[in-house]
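Both ligands and their constituent atoms are indexed starting at 1 by order of listing.
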Amino acid sequence: MEIVILESPAEVGRVAAALVGKVVTDRPDAVLGLATGSSPLGIYRSLAARVAEGELDFSRASGFALDEYVGIPLTHPESYAAVIARDVIEPLGLDPARVRVPDGRADDLEAAAVEYDGAIRTAGGVDIQILGIGANGHIGFNEPTSSFASRTRIKTLAPSTREANARFFDDPAQVPTHCLTQGLGTILEAKRVVLVAQGAAKAHAIAAAVEGPLSAMCPGSALQLHEHATIVVDEEAAAELALAEYYRYTYAHKPEWQRFD
Ligand code: F6R
């Protein structure tokens, strides 16, 4: 894993966006794996600024969202379909027809999950997967005890996840109880992964994912099995990393050709 520790949340967004931008520059029809939540907003803002400057063009790229709540109306502003449209498709100039979100309204949710997983493979797989991490170590909505081999499926949200996401809803009781999420096995098939985390609330999850044992209790630790996973964190989210000095030294001494910022 490559661990990048930066001064501020803004730097986290800028550097992770540089990695995504490089993938799209090298391959304009790249397949993007799209996370929602607060963590990747800085990435999307930084990419949108570069699109506005004419430096990047996402018009030929496609995307697959990580997850969606079950049962939430598509028109609800916090459905991930609405969030992806608002925070990603519009500002980056993606073609809405090329971006998919799991169908949390499907009559047959299991079939919808299997179809979604297959569609990612049919598209040739995700070129770069953007991830955040929950304070409980989840990636996507793969809550603790998720199998490392799991595919896109229905999951029950952990009570702590529903509490954390209550900030997006008028009433905590409105937070859905279930979701469709790409599985850990699905995420691990992405060609590159960039996970971002900011703030002290993520420090424990980051240390467990990066330095802890491979464990279903910290689903983010599955990324230790990935060949090209980059973890970009601010100082607060890095606070519990035992080898922080080593990561800083390694990043500061990377040869020019390996840098992406
Ligand atoms: C979002 C997702 C989640 C979030 C995680 C962190 O699509 O799958 O794993 O990345 O819950 O959320 P924030 O970034 O809001 O702290």
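The residues Arg100 and Glu115 are annotated as salt-bridged, a charged nitrogen and a carboxylate oxygen being separated by less than 4.0 angstrom. Under a 4.0 Å N-O distance rule, the pair Arg248/Glu245 qualifies as a salt bridge.
Close approach to Gly140 involves these atoms of ligand 1, each under 4.0 Å from a residue heavy atom: 2 (C), 3 (C), 8 (O), 9 (O). Distances below 4.0 Å separate heavy atoms of Ser38 from the following atoms of ligand 1: 13 (P), 14 (O), 15 (O). Within ligand 1, the atoms closer than 4.0 Å to a non-hydrogen atom of Leu66 are 8 (O), numbered from 1 in the order shown.
Heavy-atom neighbours of Asp108 CG from other residues, nucleotides or ligands within 6.0 Å: above the threshold of 12. Atom CD of Gln174 has more than 12 heavy atoms from other residues, nucleotides or ligands within 6.0 Å. Within a 6.0 Å sphere centred on OH of Tyr246, heavy atoms belonging to other residues, nucleotides or ligands number 12 at most.
Ring centers of His178 and Phe141: at least 6.0 Å apart, outside the cut-off.
At a heavy-atom distance under 4.0 Å, only side-chain atoms of Arg167, from C-beta outward, approach ligand 1.
Among all protein heavy atoms, the one lying closest to atom 8 (O) of ligand 1 is Asp67 OD2, 2.4 Å. Ranking protein heavy atoms by distance to atom 16 (O) of ligand 1, first place goes to Lys202 NZ, 2.7 Å. In terms of protein heavy-atom proximity, atom 5 (C) of ligand 1 is nearest to His138 NE2, 3.3 Å. The single protein non-hydrogen atom nearest to atom 10 (O) of ligand 1 is Gly132 CA, 3.4 Å, given as residue, atom name and distance. Of the protein's heavy atoms, Ile133 O, 3.4 Å lies nearest to atom 6 (C) of ligand 1. Counting protein heavy atoms only, atom 14 (O) of ligand 1 is closest to Ser39 OG, 2.4 Å.
Between Tyr80 and Tyr69, the two ring planes are tilted [angle within 30° to 60°].
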